Amino acid sequence: MKMLVCTDGSEQSQKAVQEAVRVADNFKSAEVTVLYVYEAAALPAYSRGRGDIPEEVLLRYEGLSEKAGQDILESAAAEFKAKGVKCELLIKKGYPSDVIIDEAAEGGYDMAVMGSRGLGGLRRLLLGSVSNAVAQQAKTNVLIIK
Ligand SMILES: Nc1ncnc2c1ncn2[C@@H]1O[C@H](COP(=O)(O)OP(=O)(O)O)[C@@H](O)[C@H]1O
Ligand SMILES: [Mg+2]
């Protein structure tokens, strides 16, 4: 059973990691990949209308995002390791929903596991933008942790 666990480090995605550990622990042969997607487009979007951002600032921003992602992945990995479940770590750059949908299809996973909400603030919505897009468009099954 091949599982793609998606985390953005949010409280809800930490719940998703814990649940994925529990599911994986109950399968004889679970193959787990933990994925974090860092966004290259966030800074230009944020600074729209404020003039061009120097290349080195963009690269530094991306570097920091990638570093933050590695930390998030390491802490998820520790949870799997604590239960004796092996996992691979994957960090990719792009739009989170697009990257997750593509990876879920191309990596031959049986299911993607994710939180219902993430780091965004709109609590009145049941699903976040990423979980909503993945639930609707992914070719694999999706386990959404509430
Ligand atoms: N950048 C990301 N990389 C990997 N997984 C992500 C990323 N962003 C969101 N997710 C997954 O999607 C879930 C829902 O997050 P999201 O839809 O972004 O909600 P919100 O709109 O509240 O931020 C998260 O709990 C996480 O499992
Ligand atoms: Mg989000």
Side-chain angles (χ1 to χ4, degrees), residues 1-27 30-50 53 55 57-146:
M1 207 270 304
K2 229 181 144 188
M3 199 190 279
L4 180 66
V5 182
C6 308
T7 180
D8 59 358
S10 63
E11 222 179 296
Q12 204 64 35
S13 75
Q14 287 173 28
K15 267 180 84 177
V17 166
Q18 286 162 13
E19 204 55 35
V21 170
R22 230 161 60 87
V23 173
D25 195 33
N26 279 287
F27 274 86
E31 280 179 56
V32 179
T33 300
V34 189
L35 170 66
Y36 175 81
V37 185
Y38 67 98
E39 293 170 76
L43 188 54
Y46 169 73
S47 68
R48 202 168 285 146
R50 298 183 200 182
I53 300 172
E55 181 73 13
V57 175
L58 285 178
L59 288 176
R60 182 164 156 70
Y61 169 80
E62 277 187 26
L64 289 173
S65 312
E66 193 179 0
K67 175 75 184 66
Q70 274 155 4
D71 292 346
I72 288 167
L73 289 180
E74 288 301 334
S75 76
E79 303 226 19
F80 283 97
K81 207 176 167 194
K83 274 283 179 183
V85 178
K86 269 192 211 144
C87 69
E88 308 252 310
L89 302 181
L90 186 60
I91 185 156
K92 289 196 160 191
K93 178 167 116 182
Y95 289 103
S97 52
D98 290 352
V99 173
I100 293 168
I101 290 161
D102 288 350
E103 177 62 24
E106 287 158 18
Y109 297 91
D110 298 294
M111 70 165 98
V113 183
M114 61 202 308
S116 56
R117 301 302 321 256
L119 294 167
L122 289 173
R123 291 282 146 213
R124 66 199 155 81
L125 298 177
L126 176 62
L127 293 178
S129 56
V130 176
S131 48
N132 183 55
V134 174
Q136 298 206 45
Q137 294 166 45
K139 300 273 193 292
T140 56
N141 289 328
V142 182
L143 176 59
I144 293 178
I145 307 305
K146 289 192 172 179

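The shown structure was predicted, so the numbers you read here are calculated from the model rather than taken from an experiment. Just so you know, these numbers use all the heavy atoms, side chains as well, and skip hydrogens, waters and symmetry mates. As the structure lists them, so they are numbered: ligands from 1, and atoms in each ligand from 1.
The two atoms that bring D110 and K2 nearest to each other are OD2-N, 2.5 Å, heavy atoms only.
The shortest contact between atom 7 (C) of ligand 1 and any protein heavy atom is with D8 CB, 3.5 Å. Of the protein's non-hydrogen atoms, V37 O, 3.7 Å is the one closest to atom 2 (C) of ligand 1. Considering only non-hydrogen protein atoms, atom 13 (C) of ligand 1 sits nearest to G115 O, 3.1 Å. Of all protein heavy atoms, the one closest to atom 22 (O) of ligand 1 is R117 NH2, 2.5 Å. At the shortest separation from atom 27 (O) of ligand 1 among protein heavy atoms lies C6 O, 2.7 Å. What sits closest to atom 17 (O) of ligand 1 on the protein, heavy atoms only, is V130 N, 2.7 Å. With hydrogens left out, the protein atom closest to atom 19 (O) of ligand 1 is G118 N, 2.9 Å, a heavy atom. Of the protein's heavy atoms, M114 CE, 3.8 Å lies nearest to atom 11 (C) of ligand 1.
Numbered from 1 in the order shown, with element, the atoms of ligand 1 that lie under 4.0 Å from a heavy atom of S131 read 14 (C), 17 (O). Under a 4.0 Å criterion applied to the non-hydrogen atoms of P96, ligand 1 contributes the atoms 1 (N), 2 (C). Taking every heavy atom of L119 and a limit of under 4.0 angstrom, the matching atoms of ligand 1 come to 23 (O). Close approach of ligand 1 to G120 (heavy-atom distance below 4.0 Å) involves ligand atoms 20 (P), 22 (O), 23 (O). Heavy-atom contacts of L35 reach the following atoms of ligand 1: 4 (C) (cutoff under 4.0 Å). Taking a cut-off of under 4.0 Å to the non-hydrogen atoms of G128, the atoms of ligand 1 that pass are 16 (P), 17 (O), 19 (O), 20 (P), 21 (O). Atoms of ligand 1 lying under 4.0 Å from any heavy atom of S10, numbered from 1 in the order shown and given with element: 25 (O).
A donor and an acceptor atom, one from each side chain of E103 and Y109, are located under 3.5 Å apart.
A distance-only check finds a donor-acceptor pair linking the side chain of Q12 to the backbone of K146 [under 3.5 Å]. The main-chain N or O of G94 is never found under 3.5 Å from a side-chain atom of D98 such that the two would form a donor-acceptor pair. In this structure a side-chain-to-backbone donor-acceptor pair under 3.5 Å is missing from S131 to L127.
At a heavy-atom cutoff of 4.0 Å, ligand 1 is contacted by no atom of A16, backbone or side chain. Counting heavy atoms under 4.0 Å from ligand 1, residue T7 touches it through the backbone alone.
Interatomic distance, SG of C87 versus CD of E31, reported as 12.0 Å (0.5 Å rounding).
Using 4.0 Å as the threshold, I100 has a heavy atom nearer than that to some atom of ligand 1.
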